[in-house]
Structures are given as C-alpha cells and as structure tokens.
Amino acid sequence: MDGTRISWVNTTHDWAGTVDAVHLGRIRREPAEFAPGGPEHLVLEIVAYAADEAASRGGGRCVVTLHPDGSVSVEDDGRGTDTRVDEHGHVVRKPVMATKDLRFFDLQETERLPDGHPRRGMSVVAALSEWLTHTNRRLNGSWTQRYEHGIPVTGLQPLDPDGTTGTCVRFLPDEALRTRWSLTDVDVLRWSERWPHLTARLDDHREGAYPAREDRPMTRRPG
C-alpha cells in the first residue's frame, strides 16, 4: 500500500505514530498492573497475536522457547507484521511495540487472556523488557529490529528471505519479573481452550530442562 501515513486506516495501532514515550513510561511505572502474575502474562500478550492470525487463516502454529539466558521467544507461522511503503518510499512497519493497541488499551471492558487478566497489547511486553527483538518475515520482505524498554535502538535491519512468513519476538523480561518465572507445559496446554485454532508448543532449553521434541505438540486443533 502506498500513500501518506495519515491516510492509512488505523485498525490496531496508529500508523501516524512511531514511539509513544508517555504510554511506555506509564507501563514501566505500573508493572504489577500490566504484567500481573509475572512474565507468563507477557508471553500470553504475544501468543494472543499468533492466535489472532491463526483464527483469521483457519489455523496456525507457534513455538514458545525458554532460553538459557533467561529470555523467551514466541515464533509463529502467520503472515508477519503489516509493513507498508509511505509516500517518500520509506518502509514503515506497524508500530506494535512502541505504541498502544487501540483495541485494548484504556478500555474498561476488553478481552481476557487465558490467565484471566486483561489483554493490553504487545507494547506491554516491550516496555517491561530489558531488550526485545522483533523479527518479521512477509512475502514482500523480511527484517529485524531491537528495542530496549520499548524504545527502538536500531532501524529495520533487512534479512534475506528464507521462504517462510511469520514473526519471532524474543525478549528478556525486567529482572524483577524474571524472579517469578514458572511457565510449564501444562500452562501451554490450557491455552487450547481459549484459542482452538492455534497449535502451540513449549520448548525449554534451560539447563536441566526436559529435552525439547519436535513431535511433542502442546495443543491440537479440533478435527
């Protein structure tokens, strides 16, 4: 899609925005409100987008990986985050990390995630992480970008196409949140009750963890 950003229709985020520092600052001041229960809620905020994509396509997959350095990644096989070209020929990605999700933030009634807490959007994850990398693969191009506490610290770094589409979000939660880390296979299994179109798997690569297996699905789509 070409044209001025201001003319683009906003569905989930404001295309005219880039970084909403006030929004990110509010999240960082109130971690108990926006990450209730700890980093597992941050994982759910990301998986919810994979579930949205899976529902729109009639099915999809994602893998949640716990890494030895304390970070976690969520990778899906969707279409990738929307990326457009503006009137100056600049590539613009939807500002999902650094601005509010218009569907959920500041609304009294909003979708509840499987942990029972309100969905607020991906910016919650970015703001409450020491660092986050967003890798995006679409049919019209692939790139990665790094954030620190929700602020982009690199531009869009181009990637060579590998024949796939989808997103991978890897983040290191703030240290205070990491002390409460306890995601298990059982947690991931329960997600199928809320997101029947999504097949999810947990891979734990931490020292002493049960070995990950590609044939060990955590959830299954009906039929």
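Computed from a predicted model, the values in this text were never measured in an experiment.
- Counting only heavy atoms from C-beta outward, the side chains of Thr167 and Thr135 never approach each other to under 4.5 Å.
- For the residue pair His149 / Arg28, a side-chain donor-acceptor distance below 3.5 Å is found, with atom types taken as modelled.
- Between Glu45 and Arg120, the closest heavy-atom pair is OE2-N, 3.0 Å.
- Expressed to the nearest 0.5 Å, how far OG1 of Thr154 lies from CD of Glu148 amounts to 9.5 Å.
- Here the closest non-hydrogen pair linking Ala200 and Val188 is CB-CG1, 3.9 Å.
- Arg138 is not listed as a side-chain neighbour of Thr165, based on a closest heavy-atom distance of 4.5 Å or more.
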For this session: Start with the C-alpha distance between Glu33 and Arg26, add both sets of side-chain angles, then the distance that settles side-chain contact (heavy atoms from CB on, under 4.5 Å), and finish with yes or no.
Result: CA-CA 10 Å; Glu33 176 181 351; Arg26 176 187 171 189; 4.1 Å; yes

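- Between Cys62 and Val47 there is a side-chain heavy-atom pair separated by less than 4.5 Å.
- Taking every heavy atom of both residues into account, Pro173 and Arg178 meet most closely at O-NH1, 2.6 Å.
- For the salt bridge (Lys or Arg N to Asp or Glu O under 4.0 Å) test with Asp52, the passing option among Arg119, Arg57, Arg79 is Arg119; the others fail.
- In summary, the aromatic rings of His41 and Phe34 are positioned with their centroids too far apart to meet the 6.0 Å limit.
- Between Leu128 and Ile27 the shortest side-chain heavy-atom distance falls below 4.5 Å.
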For this session: List the steps and the verdict of side chain to side chain donor-acceptor pair (under 3.5 Å) for Thr133 and Arg170.
Result: CA-CA 5 Å; Thr133 58; Arg170 181 170 177 174; over 6 Å; no

For this session: Start with the C-alpha gap between Glu130 and Glu175, add the side-chain angles, then the distance that decides, and say whether side-chain contact (heavy atoms from CB on, under 4.5 Å) holds.
Result: CA-CA 8 Å; Glu130 291 187 13; Glu175 186 173 3; 4.1 Å; yes

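- With Tyr49 as the fixed residue, the side chain to side chain donor-acceptor pair (under 3.5 Å) test singles out one of Asp101, Thr81, Asp76: Asp101.
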Exercise. How far apart are the C-alpha atoms of Arg61 and Glu75, what are their side-chain angles, what is the distance that settles it, and do they pass the side-chain contact (heavy atoms from CB on, under 4.5 Å) test?
Worked result: CA-CA 8 Å; Arg61 297 176 178 272; Glu75 185 170 9; over 6 Å; no

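- Glu40 and Ser182 share a side-chain donor-acceptor pair at under 3.5 Å.
- Atom CG of Leu44 is separated from atom CH2 of Trp195 by 5.0 Å, given to the nearest 0.5 angstrom.
- Hydrophobic clustering keeps Val125 apart from Leu24 (ILVMFWY residues linked when any side-chain heavy atoms are closer than 4.5 Å, directly or through intermediates).
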Exercise. Does the side-chain contact (heavy atoms from CB on, under 4.5 Å) test come out yes or no for Ser73 and Phe171, once each step is laid out?
Worked result: CA-CA 6 Å; Ser73 60; Phe171 67 98; over 6 Å; no

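- In this structure, Leu172 is not a member of the same hydrophobic cluster as Val64, with clusters built from ILVMFWY side-chain heavy atoms closer than 4.5 Å.
- Proximity of a side-chain donor or acceptor of Asp77 to a complementary backbone N or O of Gly60 within less than 3.5 Å is not detected.
- Counting only heavy atoms from C-beta outward, the side chains of Thr65 and Val72 never approach each other to under 4.5 Å.
- Listed here is the closest heavy atom pair of Trp131 and Ser71: CH2-CB, 3.8 Å.
- The hydrophobic clustering, which links ILVMFWY residues whose side-chain heavy atoms are closer than 4.5 Å, places Val63 and Leu189 apart.
- Taking every heavy atom of both residues into account, Arg206 and Leu66 meet most closely at NH2-CD1, 3.4 Å.
- By the 4.5 Å heavy-atom criterion applied to side chains, Asn136 and Ser142 are not counted as neighbours.
- In this structure, Arg137 and Trp143 have side chains that are not in contact, with every pair of non-hydrogen atoms separated by 4.5 Å or more.
- A heavy-atom distance below 4.5 Å is not found between the side chains of Thr99 and His23.
- Considering every non-hydrogen atom in both Val169 and His134, the closest pair reads CG2-CD2, 4.2 Å.
- The hydrophobic clustering, which links ILVMFWY residues whose side-chain heavy atoms are closer than 4.5 Å, places Leu42 and Phe104 apart.
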